[in-house]
Participant: 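Pasting a structure here, questions to come.
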2 protein chains.
Amino acid sequence: MIEKIKVHIADDHKILIDGLSALINTEDAIELVGYSLTGKKVIEWFKNNKADVLILDINMPELDGIGVLKTFKNRNVTQKTIILSGLSDPKIVQEMISLGAKGFIEKGAAGEDIIPAIKAVYRGEEYYSKDIKSSLFDLYVNESKTEEAIKSSAAIEPLTDREIDVLKLITRQLSTSEIANKLDLTIKTIETHRRNLYKKIKVKNVVGLAIYAVKNNIV
Amino acid sequence: MIEKIKVHIADDHKILIDGLSALINTEDAIELVGYSLTGKKVIEWFKNNKADVLILDINMPELDGIGVLKTFKNRNVTQKTIILSGLSDPKIVQEMISLGAKGFIEKGAAGEDIIPAIKAVYRGEEYYSKDIKSSLFDLYVNESKTEEAIKSSAAIEPLTDREIDVLKLITRQLSTSEIANKLDLTIKTIETHRRNLYKKIKVKNVVGLAIYAVKNNIV
DNA sequence: TATTTTCTCAGGGTTTACCCTGAGAGCCTT
DNA sequence: AAGGCTCTCAGGGTAAACCCTGAGAAAATA
């Protein structure tokens, strides 16, 4: 039996994972060895497992695709990655590339792209779907592999488990003292978590937190 | 050869269509006879073609899923429809049902839901994925098939213009005094509007307000 | 015209959010 | 062993949110 290309898919829409899975199963040379519904779970999975290619959605709750690649980079993990993206904002494309992404497929693109993309990236090549290429992309690809791009990142620092706990309770409209009660912690601790959330998410107050939570499906 | 269930899929993400297509192809009794990437194209397609079941995404450019169903309703077209939705806002669920949708699947749900959903809806039954059901949904489904339900939509008192102004500024993370400044009103007035918003939307604090605003596209 | 709704503002109050600094304990990685 | 991160907690403070009651003026509606 020939060695198959091992693929891991990360996307918060299970139905898309199942769909891609079915697509991939039509190809003998590729097999799906795992999937994740959040960025955090991707990190967890790769601690104990290996895949040849990671297909990574950008918009995910808790920790987004950018955060995943940053985490990999910080840990000096080299993971061949194809980005799945709803929108092809050149800035984001640039950032993902500078973080090591080797492929880029728009969700609006045809599903047929996925198989050649996996194969190309697996071989060490790069792959970009037409929409990406024909957008402003070409202008950036050559200059984008610098360190600066990483720093100017608009992305959000990854939230810790505790912070997510607190954020979830905040969105349930609980006050700081109520949260402290529920988690058996002091008010001061919860206040610290709140402050850290403000800093990380870069918002002014609890309203920004709530909006972030809803938009990122943490509710 | 046995008659297959003819399905049309509408979603602005081609990759999801291709994925679902692959999923559906694993089932002999169902075949994909067409797809659309925008709401407008759905309308066009159904002018000259027929499908037994329509799988319809809500978020689409040009004309969204709600618009599609409204168009069908205006033209007295009865089309068995399954809604594909990223979020399960009860209000939207309710509206889609009153517009004739017979099935409802969250994108976060498992892909295995899709086949039984198609079969159920084809047989004239209804189908809702677990996430939808287990949300506040059950409370609404029985009362929502009347014209009245559309008017009394989700039971929230209508907001006044001023209240919406204030709510918008709140979601921009402005404080009461900042809002007062911007609108040339006193703090006391803004506080009153806030209090009325809490009552009408039935939330405890500004967090509830923010969540409501995001889910109802007031941001 | 009469009534309701909306929009405005007030006094006076409690509670909560938010900001600053600092710090110890445990865990993981280098 | 050393550095980094997470999680925990503290003192002490200001600003803001939130709650109560009451009410006048204008505009929409009956």
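Proteins come first, then strands; the chains are lettered A, B, ... in the order of their sequence lines, and each starts at number 1.
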Participant: Take atom CD1 of A:Ile187 and atom P of D:dA10, then tell me their distance rounded to the nearest Å.
Facilitator: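 That distance rounds to 10 Å.
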
Participant: Is the backbone of A:Gln79 close enough, under 3.5 Å, to the side chain of A:Thr81 for a donor and an acceptor to pair up by distance?
Facilitator: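 Yes, A:Thr81 side chain to A:Gln79 backbone: donor-acceptor pair under 3.5 Å.
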
Participant: In whole angstrom, what separates A:Asn205's CG from C:dT16's P?
Facilitator: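 In whole Å, C:dT16 P and A:Asn205 CG are 18 Å from each other.
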
Participant: Rounding to an integer number of Å, can you tell me how far A:Tyr198 OH sits from C:dC20 C1'?
Facilitator: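 Checked: the OH to C1' distance equals 15 Å.
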
Participant: So what does B:Thr189 touch, heavy atoms closer than 4.0 Å: a base, only the sugar-phosphate, or nothing?
Facilitator: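 Base contact - B:Thr189 has a heavy atom under 4.0 Å of at least one base atom.
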
Participant: To the nearest Å, how far apart are A:Ile43 CD1 and D:dT6 P?
Facilitator: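 Interatomic distance, CD1 of A:Ile43 to P of D:dT6: 13 Å.
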
Participant: Would one find more than 12 heavy atoms of other residues, nucleotides or ligands at under 6.0 Å from atom NZ of A:Lys204?
Facilitator: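 Counting other residues, nucleotides and ligands, NZ of A:Lys204 exceeds 12 neighbours.
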
Participant: Checking all strands, does B:Arg194 fall into the base, sugar-phosphate, or nothing category for heavy-atom contacts under 4.0 angstrom?
Facilitator: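 Answer is sugar-phosphate: B:Arg194 comes under 4.0 Å of backbone atoms only.
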
Participant: Could you tell me whether A:Leu185 contacts a base, only the sugar-phosphate backbone, or nothing, with contacts defined as non-hydrogen atoms closer than 4.0 Å?
Facilitator: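 Sugar-phosphate contact only.
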
Participant: Can you measure A:Leu174 atom CG to D:dA17 atom P for me and round it to whole angstrom units?
Facilitator: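 About 19 Å, once rounded to whole Å.
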
Participant: Nearest heavy atom decides the nucleotide; on that basis, is B:Asn196 or A:Lys204 closer to the 5' end of DNA chain C?
Facilitator: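 Looking at the nearest nucleotide for each, B:Asn196 comes out on the 5' side.
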
Participant: Could you state the atom-to-atom distance from CG of A:Leu159 to C1' of D:dC5 in whole Å?
Facilitator: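 Atom CG in A:Leu159 sits about 14 Å away from atom C1' in D:dC5.
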
Participant: Using modelled atom types only, decide if a donor and an acceptor are shared between the side chain of A:Thr26 and the backbone of A:Ala22 within a distance under 3.5 Å.
Facilitator: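 It does not hold such a pair.
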
Participant: Check the distance between D:dC19's C1' and B:Glu191's CD and give it to me in whole angstrom.
Facilitator: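 The distance from CD of B:Glu191 to C1' of D:dC19 comes to 9 Å, rounded to the nearest Å.
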
Participant: Quick one: is B:Thr176 getting a side-chain N or O under 4.0 Å of the D:dA16 phosphate, OP1 or OP2?
Facilitator: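 Result: no.
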
Participant: Using a cut-off of less than 4.0 Å, is there contact between a side-chain N or O of A:Thr160 and OP1 or OP2 of D:dT6?
Facilitator: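 No, because none of the side-chain N or O atoms of A:Thr160 sits under 4.0 Å from OP1 or OP2 of D:dT6.
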
Participant: Would you tell me if any nitrogen or oxygen in the side chain of A:Arg162 comes within less than 4.0 Å of OP1 or OP2 on D:dT8?
Facilitator: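 Checking A:Arg162 against D:dT8: at least one side-chain N or O falls below 4.0 Å of OP1 or OP2.
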
Participant: Nearest whole Å is fine: how far is D:dC19 P from B:Ile190 CD1?
Facilitator: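 Distance check: B:Ile190 CD1 to D:dC19 P gives 17 Å.
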
Participant: Examine the base of C:dC7 for any acceptor or donor lying under 3.5 Å from a partner atom in the side chain of B:Thr192, and report the outcome as yes or no.
Facilitator: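 In this structure, the two groups form no donor-acceptor pair.
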
Participant: Heavy atoms from C-beta onward define the side chain here; which of C:dC18, C:dG11, D:dT8 lies closest to that of A:His193?
Facilitator: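 That would be D:dT8.
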
Participant: For the side chain of B:Lys188, counting heavy atoms from C-beta on, which of C:dC9, C:dA17, C:dT21 is nearest?
Facilitator: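 So the nucleotide nearest the side chain must be C:dC9.
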
Participant: Measure from the side chain of A:Thr186, starting at C-beta and using heavy atoms only, and say which of D:dT6, D:dC9, C:dG11 lies closest.
Facilitator: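 Among the listed nucleotides, the one closest to the side chain of A:Thr186 is D:dC9.
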
Participant: Does the side chain of A:Thr189 come under 3.5 Å of the side chain of A:Thr186 through a donor N or O and an acceptor N or O?
Facilitator: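 Result is yes, a qualifying pair exists.
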
Participant: Cation-pi check, A:Lys14 to A:Tyr35: give yes when NZ or CZ is under 6.0 Å from the six-membered ring centre and within 45° of the ring axis, no otherwise.
Facilitator: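 The answer is yes; both the distance and angle limits are met.
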
